[in-house]
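Everything on this sheet refers to the single structure shown next.
Naming convention: chains lettered A, B, ... in sequence-line order (proteins, then strands); numbering from 1 in each chain. Values in this document were obtained by computation on a predicted structure and should not be read as measured data.
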Protein chains: 2
Amino acid sequence: MSDSDGPGDLTRGMRLLWRAVGGSRRGPKPGLDVDTVVRAAIAIADSDGLAGLSMRKVADHLGVGTMSLYTYVPAKAELVSLMLDAVDAEGALPHTVPGSWRARTEAWATEDWAVYHRHPWTLQASSRHPLGPHTLRRFDSALRCLAVTGLPEDELVATVDVIDNYTRGMARRSLEAVELERRTGVSERQWWAGHEPLLETYVTAAEFPEVRRVWAAGAFHGDLDSFAYGLARILDGVERRLGEAG
Amino acid sequence: MSDSDGPGDLTRGMRLLWRAVGGSRRGPKPGLDVDTVVRAAIAIADSDGLAGLSMRKVADHLGVGTMSLYTYVPAKAELVSLMLDAVDAEGALPHTVPGSWRARTEAWATEDWAVYHRHPWTLQASSRHPLGPHTLRRFDSALRCLAVTGLPEDELVATVDVIDNYTRGMARRSLEAVELERRTGVSERQWWAGHEPLLETYVTAAEFPEVRRVWAAGAFHGDLDSFAYGLARILDGVERRLGEAG
DNA sequence: GACAACATCGTACGATGTACCGAGTTTGGG
DNA sequence: CCCAAACTCGGTACATCGTACGATGTTGTC
């Protein structure tokens, strides 16, 4: 993760994201287009992660020279911005789900959770990328999920932030195990089995009493769906707020 | 962020983190030690970010050859693991704060928020690093903040996860603006002013009705402390759960 | 005093993003 | 119809990165 995957000139990236780029007239017909490059890059990131994404790999995948990519994309940072926005073009928008605001919000969070598992690299990308049209459309849809609650506008935005951050964070945790297995071939169960003696030694009840207590109670191996549990708590909190306001 | 900042051999990194490294007898006295290297690395990351952290810079800062660092640290990934754990050694543990569980939890979240602002690079590091003793001690302390609620152990862990993820996510958002200004010299207010015409053009009421509505209501420029607001909603949700259980 | 174990670090290698420039291709304006 | 402008393509080159390797020097133990 790094730092340098942030966009350079924001306005330049913005115009590309919003497809406000002047179509050229003269010169040879381009053999590729931005979307093709972005699709190829996403395919590579899906299988190799963000660190495995290099301009050379994308170019090879497309059968062109590395530097030809720079005809379509000003730099890697902008490419990643485009990738992030392209991912948000997938799938249905949550506000169209029938039922209560709570049902819609749960559908939205669950769908996002699935997207993060389909494209784990989205969680590795820094969040300093400019908003593209598809990302903003999803944000609009999320706001609409909660609009019927009648919450004031600033609280609405803050509530969407809570749910969004929670979903990202839990997906990140869940993906750690998956990524660990992909890279080392060690499953989570095997990892715990292999490290249990080490943990028993260092994680003493004297120094970490509460950790030992919940560990002994099986809190780390239980079958509580902690994503759904946490989401339910958050939505309970929102509901209570609705009651307060009237 | 990348991908390659994940640790290689987990057991090797673990032993270093937990300081289970055999002290050597023979040979010249080491001129440095692990903690000195880690402190220097943290100082650089604080000012230059994770991407600005290179082994060469750390070595220069310490007045030694680049490769000498590898005497103390097996690779950069393990160095970052050590840095993350070292940061968690700072400050008081939240469970010692007097008052209700709610007051303690708020203190804990606020303290973490401050840590993220003191060391923004901790949010850029991937979360695939092994847990060190200080990080685990903070986790233990967080569990203790909520233990008096009487929640079942698995729900306790899930609740800590909710709050932790929320805090990280909001800190990340807050730091975007800070980092943007640091790198480009453009303040958030200036950025909005500069992009307002562009936004007015592309973010149409037809395509993004709800975004336009909350924008017009000033939801993005208001002075709602959205971090505190979201935290209050989450803790409300926890309280309601306590009522349900008995 | 010899030898094993260690610290130090110069050199070198393979990646990476991308600046630069030359060469080839298309097309609008005269 | 022609040619210069505007463009695509991509090879080469450079700076920067993590780090493997091995030579050289230093220290503690027998």
Side-chain angles (χ1 to χ4, degrees), chain A residues 1-9 12-13 21-34 36-37 40-41 44-45 48-83 124-126, chain B residues 1-9 12-13 21-34 36-37 40-41 44-45 48-83 124-126:
Chain A
M1 155 138 228
S2 69
D3 197 344
S4 55
D5 68 332
D9 178 3
R12 180 182 59 171
V21 278
S24 50
R25 296 267 152 267
R26 291 229 261 271
K29 291 286 175 217
L32 266 45
D33 56 43
V34 183
T36 308
V37 173
I44 290 169
D48 300 356
L50 247 203
L53 177 75
S54 74
M55 299 302 269
R56 278 169 240 256
K57 266 196 214 170
V58 177
D60 285 355
H61 199 77
L62 291 168
V64 299
T66 309
M67 293 313 291
S68 299
L69 297 181
Y70 289 85
T71 305
Y72 305 96
V73 149
K76 195 190 183 186
E78 280 78 3
L79 174 57
V80 175
S81 297
L82 286 162
M83 291 165 65
Q124 297 166 16
S126 85
Chain B
M1 238 143 27
S2 72
D3 197 343
S4 56
D5 67 335
D9 178 4
R12 180 181 62 170
V21 278
S24 49
R25 299 261 153 269
R26 293 226 261 271
K29 291 286 176 214
L32 266 45
D33 55 44
V34 183
T36 309
V37 173
I44 290 169
D48 299 357
L50 247 204
L53 176 75
S54 73
M55 299 302 268
R56 279 170 239 255
K57 265 196 215 170
V58 177
D60 285 356
H61 199 76
L62 292 168
V64 299
T66 309
M67 293 313 291
S68 300
L69 297 182
Y70 288 85
T71 305
Y72 305 97
V73 151
K76 195 190 184 186
E78 280 78 3
L79 174 57
V80 174
S81 296
L82 286 162
M83 291 164 65
Q124 296 166 17
S126 85

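What separates CD of Glu78(B) from C1' of dG18(D) is a distance of 12 Å, to the nearest Å. Following rounding to the nearest Å, Arg56(A) (CZ) and dG11(D) (C1') show an atom-to-atom distance of 12 Å. In this structure, NZ of Lys57(A) is placed 14 Å from C1' of dG14(C), rounded to the nearest angstrom. Atom pair Leu69(A):CG and dT18(C):P shows a separation of 11 Å (rounding to whole Å applied). Rounded to an integer number of Å, the gap from CG of Leu79(B) to C1' of dC17(D) is 15 Å. When the C1' atom of dA7(C) is taken as reference, atom CG of Leu62(B) falls 15 Å away, rounded to whole Å. As rounded to whole Å, 12 Å separates atom P of dA15(C) from atom CG of Asp60(A). Distance CD1 (Ile44(A)) to P (dT16(C)): 11 Å, rounded to an integer number of Å.
With the nearest nucleotide of DNA chain C identified for both Pro28(B) and Met67(B), Pro28(B) has the one nearer the 5' end. In terms of position on DNA chain D, the residue among Ala75(B) and Lys29(B) whose nearest nucleotide sits closer to the 5' end is Ala75(B). Along DNA chain D, the nucleotide closest to Thr66(A) and the one closest to Ser54(B) are compared, and the more 5′ of them pairs with Thr66(A).
One distance of note links OG1 of Thr66(A) with CZ of Arg56(A); it measures 5.5 Å at 0.5 Å rounding. Considering CE of Met83(B) and CD of Glu78(B), their distance stands at 13.0 Å, rounded to 0.5 Å. Separating the CD1 atom in Ile44(B) from the CG atom in Asp60(B) is a distance of 8.5 Å, to the nearest 0.5 Å.
Residue contacts shown for Thr71(B) include a base, since a base heavy atom lies under 4.0 Å away. Within the 4.0 angstrom heavy-atom criterion, only backbone atoms of the sugar-phosphate kind lie near Leu53(B); the bases stay farther away. Counting any heavy atom pair closer than 4.0 Å across all strands shown, Ala59(A) reaches no nucleic acid atom. Among the protein residues, Gly27(B) comes within range of the nucleic acid bases, having at least one heavy atom under 4.0 Å from a base atom.
Here the side chain of Lys76(B) is nearest to one of dG18(D), dT8(D), dT18(C), namely dG18(D). Each of dT8(D), dT8(C), dG28(C) was ranked by its minimum atom distance to the side chain of Arg26(A); first place goes to dG28(C).
For Ser68(B), no side-chain nitrogen or oxygen approaches OP1 or OP2 of dA7(C) to under 4.0 Å. Under 4.0 angstrom from either OP1 or OP2 of dC9(D) there lies at least one side-chain N or O belonging to Tyr72(A).
At a threshold of 4.5 Å between non-hydrogen side-chain atoms, the residues Leu53(B) and Leu50(B) count as touching. Counting only heavy atoms from C-beta outward, the side chains of Leu32(B) and Thr71(B) never approach each other to under 4.5 Å.
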